[in-house]
Trainee: 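Once you've had a glance at the structure underneath, I'll fire off some questions.
On a predicted model such as this, the values are computed, not experimentally measured, just so you know.
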Amino acid sequence: MLRSWYLLCCLWALHLPGAGEGAAADREIDSAHYRERVKSMFYHAYNNYLENAFPYDELRPLTCDGQDTWGSFSLTLIDALDTLLILGNVSEFQRVVNVLQEGVDFDIDVNASVFETNIRVVGGLLSAHLLSKKAGVEVEAGWPCSGPLLRMAEEAARKLLPAFQTPTGMPYGTVNLLHGVNPGETPVTCTAGIGTFIVEFATLSHLTGDLVFENVARKALKALWKNRSDIGLVGNHIDVVTAKWVAQDAGIGAGVDSYFEYLVKGAILLHDEELMSMFLEYNKAIGNYTKFDDWYLWVQMYKGTVSMPVFQSLEAYWPGLQSLIGDINNAMRTFLNYYTVWKQFGGLPEFYNIPQGYTVEKREGYPLRPELIESAMYLYRATRDPTLLELGRDAVESIEKISKVECGFATIKDLRDHRLDNRMESFFLAETVKYLYLLFDPNNFIHNDGSAFDVVPMPYGECILGAGGYVFNTEAHPIDPAALHCCRKQKEEQWEVEDLMREFYFLKRSKKSTFKRTADHSGRESQTASADASSESSRREMNPEKNTKRRIPLLSCPNQPFTSKLSVLGQVFLDDT
C-alpha cells in the first residue's frame, strides 16, 4: 500500500502532450534503425579509445593515439561509463568500475579545471555509483550511502574545495590537485565556472552527510545572484576576489550557459523554490534584453545594448531547458531556428552571425557538441513532434559522413570544407551519443514513468530508487533524485519529530480531551491534558505506527510551491494537474 501511494505521489507518470503523434513520427523515421546505428557509433569510438588511447584522457583519432587534456583521469572511460549501461552493456560497465577503482588516482601534481573536473569526473562517478545496482554490480552494505565510486567522487570533489576559499565564495577556475590553488592563479573565472556545482555537490552532501559541498555551491550561486546588474543580467567573466565584472557581455551561451541550467536542475533535484525563483527572474531579463525573433543575442549587461549579434553552438541547450519549465512553444520556435543552421552546414558552427547568416571567422568548427541533440531529446519527450527525430537522423548521417575516421570520430575543424582536427572530446561519448540514443529509444530505463523501481532496505525503512525522473548534469550524467532522500544522517531525529507530530495531531483531534488546572509548588497554575477515553492502550489502537519497532519512513513528496512544480525529460507538472 505504501509503495503504491508513493508511486502515485512521486514517480511522475504523466500523459505527455502530443503523445498521440508518436506513431506517425516513428513511421517517418525508423527509430530502431537509427538506434542501432548510434550504438555502432558508440562502439567505434569507445573501442578505439580503449585500443589506442587508454589510460590517457582522450583519443586522438587521426593519429590513433591518446593525450591527457583535463587532468590525467582516463577521462573518456569515466565519461562513457553510464552510457554503457544506457546502451545495455552491463558486463563492460562492471569491468570498467573495477578498472577505475584500481587505476584512477587524484593525489597527483596536476593543474585541473575546477569546472570540468566537477561535471565530468565527480558527475560521472556519482551517476555510475547510483546506477551500480541496476548494472548488476555487487554493492556494499549501506549503498547508496556508501560505495567505492562514491568515495572516489568525494575524493575528487575535496580536491576542488580549496578553489572556493575566496572572499566572495566564488571559486578560482583552476586548482592543483596536490597543492591547492597556485599562488599566481588568476582570479578571473567565467560565470558558468562559478555556478555549475549545485547538482553534483548537493548530491554528494546528501549521500555522504557532509554539508560542506552543498554549502560552497550555494554560496557561489548566491554570490553571482548578488552581483547581477540593475537590469537583472550577469556578465561572462568576474573577478572572484573583488566581485568586479571583467567581461560584461550577457547572454545564454559560452561562459554563462550551465549557470542557468543548474538553477533549474538544482531546483528540480532539491525541490528548491529559491533556485527556481532566481532562474525565473533571469528568464524575464533574458527575454527583455537578449531575445530577438526567437534568437538570443549578446548584450552589455548594464545597458542591454547589443554587443554581439551571434548564435553560439553552446546556446542550443536553451530549448531543452525551456522544456523543463514547461515553456514548450518558445522552446520549439527557438529550436527550429537552430535547426536551420544545422541544415545549412551539417553541424552547428561554434559562432554563427545571425544578420549575415554565416559562420564567424575562426569559429567555423564543430567539435561534435551535443546541445542541439539534447534539446531535441527533451522536446521529443514532451511533444512527439517528428521534426525532432529528423534532427536526430540528420545528426547521425552528418557525423558519420563527415567525422568518422578509422580510429574514431574527429572534431570538425571547419564546417565549410569539412577539414578535421585530431581530437575526440570525452563528451562525445558522455553526451552526444547518449542523447542521440535516448532520442531513438523511447523504452529506455532513463525514460521510466514510475512503473518499475527498486526497493532498497535502509536502517529506518525502505528507499525507492530507479523509478525515473533522472536529472542530467551538464555532462549528461543522470542523477536519481530519489537517492538524495535515502542517506540523511539525522534520521533518528526525524522520527522523533514525527512521533511528536503524531502525538500533537492526536491530542488536537481528540474530542474527549479536557484540560484541568493544577498548581505547582510555587502556587502557579499550569495546564495538563487528560482524556477520559485516551489511555495509552487506546492511543496505540488509534495510532498503530507507535506500536511497531520498525517505523515506516516518510516517503512523501517534498513541497514545491512554484508554478511549474516539476518537469523532467519533458514531463511537465503544473499546479492544476
Side-chain angles (χ1 to χ4, degrees), residues 32-104 120-121 123-125 127-128 131-132 134-137 149 366-370 373 392 395-412 420-441 444 446 475-478:
H33 168 75
Y34 281 99
R35 187 164 63 243
E36 290 306 308
R37 285 181 63 179
V38 173
K39 187 180 289 189
S40 296
M41 289 170 60
F42 174 85
Y43 285 114
H44 179 66
Y46 180 76
N47 291 335
N48 271 288
Y49 167 76
L50 292 180
E51 294 169 11
N52 299 298
F54 178 78
Y56 291 103
D57 279 343
E58 291 180 0
L59 170 68
R60 297 204 305 169
L62 300 184
T63 52
C64 301
D65 57 9
Q67 64 179 346
D68 282 335
T69 51
W70 296 111
S72 191
F73 306 126
S74 299
L75 188 59
T76 295
L77 206 57
I78 295 175
D79 248 355
L81 185 49
D82 50 33
T83 309
L84 283 167
L85 183 59
I86 286 171
L87 268 59
N89 195 335
V90 171
S91 60
E92 182 63 4
F93 183 100
Q94 296 172 357
R95 185 190 75 83
V96 172
V97 166
N98 292 327
V99 169
L100 293 176
Q101 290 179 58
E102 295 171 3
V104 175
R120 303 193 195 209
V121 178
L125 291 171
S127 177
L131 293 172
S132 291
K134 184 175 287 291
V137 174
L149 294 180
Y366 171 56
L368 309 183
R369 292 199 187 278
I373 302 163
V396 172
E397 300 290 352
S398 294
I399 292 171
E400 284 197 331
K401 180 178 180 179
I402 302 172
S403 177
K404 187 175 182 180
V405 294
E406 183 179 353
C407 288
F409 291 87
T411 288
I412 301 169
L420 300 179
D421 204 359
N422 193 21
R423 190 175 184 187
M424 187 183 80
E425 290 226 38
S426 67
F427 62 64
F428 178 67
L429 295 181
E431 299 185 77
T432 308
V433 171
K434 182 184 294 166
Y435 284 132
L436 271 174
Y437 191 81
L438 290 173
L439 175 63
F440 291 119
D441 188 16
N444 197 277
I446 288 290
E475 190 77 3
H477 295 306

Trainee: Looking at CG of Leu125 and CZ of Arg120, how far apart are the two atoms once the value is rounded to the nearest 0.5 Å?
Mentor: 14.0 Å
Trainee: Would you give the length of the straight line joining atom OH of Tyr49 to atom CG of Leu429, rounded to the nearest 0.5 angstrom?
Mentor: 9.5 Å
Trainee: Which heavy atom in Pro61 sits nearest to a heavy atom in Cys407, and how many Å separate them?
Mentor: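 Looking at all heavy atoms of both residues, the shortest contact is O-CB, 3.3 Å.
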Trainee: With a 4.5 Å cut-off on side-chain heavy atoms, are Gln94 and Val97 touching?
Mentor: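 No; the side chains remain at least 4.5 Å from each other.
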Trainee: Hey, is OH on Tyr34 packed in by over 12 heavy atoms from elsewhere, all under 6.0 Å?
Mentor: yes
Trainee: Any sub-3.5 Å donor-acceptor pair from Arg60's side-chain atoms to Asp65's backbone N or O?
Mentor: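 Between the backbone of Asp65 and the side chain of Arg60 there is no qualifying donor-acceptor contact (under 3.5 Å).
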Trainee: Does Glu475 reach the side chain of Glu431, with side-chain heavy atoms less than 4.5 Å apart?
Mentor: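 Sidechains of Glu431 and Glu475: in contact.
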Trainee: Under a 4.5 Å cut-off applied to non-hydrogen side-chain atoms, are His477 and Lys434 in contact?
Mentor: yes
Trainee: Report yes if some heavy atom in the side chain of Glu92 is under 4.5 Å from a heavy atom in the side chain of Tyr46; otherwise report no.
Mentor: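 When only atoms from C-beta onward are counted, Tyr46 and Glu92 do touch, with a gap below 4.5 Å.
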Trainee: Just checking, is any N or O donor in the side chain of Tyr437 or Asn444 under 3.5 Å from an acceptor N or O on the other one?
Mentor: no
Trainee: How far apart are the C-alpha atoms of Phe42 and Leu84, what are their side-chain angles, what is the distance that settles it, and do they pass the side chain to side chain contact (heavy atoms under 4.5 Å, CB included) test?
Mentor: CA-CA 9 Å; Phe42 174 85; Leu84 283 167; 3.6 Å; yes
Trainee: Specify the closest pair of heavy atoms between Gly66 and Ala53, including all atoms of both residues, with the distance to one decimal.
Mentor: CA-CB, 3.7 Å
Trainee: Working to the nearest 0.5 angstrom, can you tell me the gap between Thr83 OG1 and Phe93 CZ?
Mentor: 10.5 Å
Trainee: Enter the distance from Asp421:CG to Thr411:OG1 here, rounded to the nearest 0.5 Å.
Mentor: 6.0 Å
Trainee: Check this for me, if you would: do Arg423 and Glu425 make a salt bridge, where the nitrogen-to-carboxylate-oxygen distance has to be below 4.0 angstrom?
Mentor: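 A salt bridge links Arg423 with Glu425.
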Trainee: Quick one: are Tyr435 and Leu439 in side-chain contact, heavy atoms under 4.5 Å?
Mentor: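 SC-SC contact between Tyr435 and Leu439 ruled out.
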Trainee: Are Tyr366 and Ile402 side-chain neighbours, meaning at least one heavy-atom pair lies under 4.5 Å?
Mentor: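 The answer is no; the side chains never approach within 4.5 Å.
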Trainee: Report the distance from atom CH2 of Trp70 to atom CG of Asp79, rounding to the nearest 0.5 Å.
Mentor: 11.5 Å
Trainee: Report yes or no: does Asp57 contribute a side-chain atom to a donor-acceptor pair with the main-chain N or O of Phe73 at less than 3.5 Å?
Mentor: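 The answer is yes, because a donor-acceptor pair under 3.5 Å joins these two groups.
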Trainee: Compare every heavy atom of Leu149 with every heavy atom of Ser132, then report the nearest pair and how far apart it is.
Mentor: OG-CD1, 3.9 Å
Trainee: Evaluate the criterion side chain to side chain contact (heavy atoms under 4.5 Å, CB included) for residue pair Leu85 and Val90; output intermediate values, then yes/no.
Mentor: CA-CA 6 Å; Leu85 183 59; Val90 171; 4.2 Å; yes
Trainee: So which atom in Leu131 and which in Pro478 form the shortest heavy-atom distance, rounded to 0.1 Å?
Mentor: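 Minimum heavy-atom contact is CD1-CG, 4.2 Å.
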Trainee: Stepwise, does the side chain to side chain contact (heavy atoms under 4.5 Å, CB included) test hold for Leu420 with Ile412?
Mentor: CA-CA 5 Å; Leu420 300 179; Ile412 301 169; 4.1 Å; yes
Trainee: Just wondering, do Leu81 and Leu100 contact through their side chains at under 4.5 Å, heavy atoms?
Mentor: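 Yes; the side chains approach each other to less than 4.5 Å.
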Trainee: Looking at Phe427 and Pro367, what are the two nearest heavy atoms and their distance?
Mentor: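 Heavy atoms only, the tightest pair is CE1-O, 3.3 Å.
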Trainee: Test your reading of the model: is there a side-chain donor-acceptor pair from Ser426 to the backbone of Leu75, 3.5 Å cut-off?
Mentor: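 It does not hold such a pair.
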Trainee: CG/Leu59 to CG/Asn52 distance, rounded to the nearest 0.5 angstrom?
Mentor: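 The CG atom of Leu59 sits 6.5 Å away from the CG atom of Asn52.
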Trainee: Between Ser403 and Ala410, which heavy-atom pair has the shortest distance, and what is it?
Mentor: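 What the structure gives for the nearest pair is OG-O, 2.5 Å.
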Trainee: With the side chain counted from C-beta on, respond yes when Phe428 and Ile399 share a heavy-atom pair under 4.5 Å apart, and no when they do not.
Mentor: yes
Trainee: Which is it for Asn48 and Phe409 under the side chain to side chain contact (heavy atoms under 4.5 Å, CB included) test, yes or no, and what are the steps along the way?
Mentor: CA-CA 10 Å; Asn48 271 288; Phe409 291 87; over 6 Å; no
